[in-house]
Number of protein chains: 2
Amino acid sequence: MKLKESNELKQSGLKNTKHRNDVFELIKKSEQPVSAEYIFSELNKNNCPINLSTVYRILDTLCLSDLVTKINIDTENKNLYEYNCMAHRHYMVCLGCDKILTVKNCPLQDYEKQLIDETDFVITGHKLVMYGYCPQCKQQQNN
Amino acid sequence: MKLKESNELKQSGLKNTKHRNDVFELIKKSEQPVSAEYIFSELNKNNCPINLSTVYRILDTLCLSDLVTKINIDTENKNLYEYNCMAHRHYMVCLGCDKILTVKNCPLQDYEKQLIDETDFVITGHKLVMYGYCPQCKQQQNN
DNA sequence: TTAATTGCAAACACTTTGCACGCTA
DNA sequence: TAGCGTGCAAAGTGTTTGCAATTAA
């Protein structure tokens, strides 16, 4: 069987296995950050039998290679993983349905400079999470 | 023995117990968010024997009453708790020593308005975490 | 007095690990 | 074929829960 091969895996010096590809592709095509459990059940559902510990080991590997980012949203009690597009990580979490939107633009460059002056930290990154209700859940609340 | 009584507990309609006061006071005087385990061992160390599940139950109660806020920093795998001063929650996390600074001012009002326009979400809050290295760890890296 | 709080032990959910086998490069 | 990747089962860690005893109001 021909694997759909990921250049990104090779480029990161990772051995190319079916499982790694399956996990990585699933993360890449997901519109929001996903959990290990989700990856596990999604792959098994779609004829790609895989063990849960293998999922965790692959996620570790992908995170170490910076292909994937692990995040933790306060309202969940498990880690989530998403494709690391090397952009800033800004999220909007719907408290109604747990939907997570990833937001693109970043208003924080100036603020970072200011903080560096104030605290003398080196700042290597940041994470911004907005909490609220998405249009659908917002409407339900009004009813 | 006379308890150091917390008006804040009473005002929130909570029964005033020694354990609740101990936990709440410890959180209030902590300079950074603390874990359940830390509270547990700190109190037991200081002649206030308490059970770990009691700590968790008290933390739940305090969070429900909005006296305390539960947060999760991506680099830790446990929840942290801090006094809820009703301010925005902005953190600076040192990746070297895990120190957590809570930052006061907030650059995000305008950004929130803009996001609301773009996404049609209702925004009820936000969390900003900056990652980097504190002055001490920064220096060690250079050596 | 009565309902809320606590300690204890056991259960839970998520994640990690040891080991033997299997597969990629 | 050498060493990394994987499945399985078992252990680890942080957190929650059932129940009986205790305590605040």
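Every chain is numbered from 1, with letters handed out A, B, ... down the list of sequences.
For D:dT16, the OP1/OP2 oxygens have no side-chain nitrogen or oxygen of B:Y56 closer than 4.0 Å. For the pair B:H19 and C:dG7, the criterion of a side-chain N or O lying under 4.0 Å from OP1 or OP2 is met. Put simply, A:K78 has a side-chain N or O that comes within less than 4.0 Å of OP1 or OP2 on C:dC14. Between A:S35 and C:dC14 there is no side-chain polar atom (N or O) within less than 4.0 angstrom of OP1 or OP2. Between B:N79 and D:dT15, a side-chain N or O to OP1/OP2 separation shorter than 4.0 Å is present. Dashed line: the shortest gap from a side-chain N or O of A:N77 to OP1 or OP2 of C:dA13 is not under 4.0 Å. Under 4.0 angstrom from either OP1 or OP2 of D:dG5 there lies no side-chain N or O belonging to A:T17.
Separating the CG atom of B:L9 from the P atom of C:dT5 is a distance of 11 Å, rounded to the nearest angstrom. Regarding B:L62, its CG atom lies at a distance of 17 Å from the P atom of C:dA4, rounded to whole Å. Rounded to whole Å, the distance from NZ on A:K18 to P on C:dG22 is 18 Å. Note: CG (B:D22) to C1' (C:dG7) measures 16 Å, nearest angstrom. If you measure from atom CD1 of A:I58 to atom P of C:dT15, you get 15 Å, rounded to the nearest angstrom. In this entry the distance linking CZ of A:R20 with P of D:dG7 reads 12 Å, nearest Å. When the P atom of C:dT24 is taken as reference, atom CG of A:N21 falls 11 Å away, rounded to whole Å. Look at CD on B:E37: it is 14 Å from C1' on D:dG12, rounded to the nearest Å.
In this structure, A:K15 has no side chain to side chain donor-acceptor pair (under 3.5 Å) partners at least two apart in sequence or on a different chain. Remark: A:V122 engages A:T124, B:Y133, B:K138 in a side-chain contact (heavy atoms from CB on, under 4.5 Å) (not counting sequence neighbours). Contacts of B:K29 classified as salt bridge (charged side-chain N to carboxylate O under 4.0 Å, His left out), with partners at least two apart in sequence or in another chain: none. Contacts of B:E42 classified as salt bridge (charged side-chain N to carboxylate O under 4.0 Å, His left out), with partners at least two apart in sequence or in another chain: B:K45. Annotation: salt bridge (charged side-chain N to carboxylate O under 4.0 Å, His left out) contacts of A:D60 (sequence neighbours excluded): none. Partners of A:K78 under the salt bridge (charged side-chain N to carboxylate O under 4.0 Å, His left out) rule, at least two apart in sequence or in another chain, do not exist in this structure.
In this structure, A:H126 contributes its side chain and B:M92 its backbone to no donor-acceptor pair below 3.5 Å.
Taking every side-chain heavy atom of B:N16 into account, D:dA25 is the closest of D:dG5, C:dT15, D:dA25.
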Please output the side-chain donor-acceptor pairs of residues 30-38 of chain B that fall under 3.5 Å, not counting sequence neighbours, one pair per line with the distance.
{"from": "B:S30", "atom 1": "OG", "to": "B:L26", "atom 2": "O", "distance (Å)": "2.7"}
{"from": "B:Q32", "atom 1": "OE1", "to": "B:I100", "atom 2": "N", "distance (Å)": "3.4"}
{"from": "B:S35", "atom 1": "OG", "to": "B:Y38", "atom 2": "N", "distance (Å)": "3.1"}

What does the list of N/O pairs under 3.5 Å between the protein and nucleotides 8-12 of chain C look like, with a distance for each?
{"from": "C:dC8", "atom 1": "N4", "to": "B:S53", "atom 2": "OG", "distance (Å)": "3.4"}
{"from": "C:dC8", "atom 1": "N4", "to": "B:R57", "atom 2": "NH2", "distance (Å)": "3.2"}

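In terms of heavy-atom proximity, B:D120 sits nearest to A:P135 at O-CG, 3.5 Å.
Under the 4.5 Å side-chain heavy-atom criterion for Ile, Leu, Val, Met, Phe, Trp and Tyr, B:L64 and B:V68 are members of distinct hydrophobic clusters.
Heavy-atom distances to DNA chain D give each of A:K15 and A:I50 a nearest nucleotide, and the one nearer the 5′ end belongs to A:K15.
Axis deviation across the helix from C:dT1-D:dA25 to C:dA25-D:dT1 amounts to 40°, comparing end segments of five pairs, rounded to 10 degrees.
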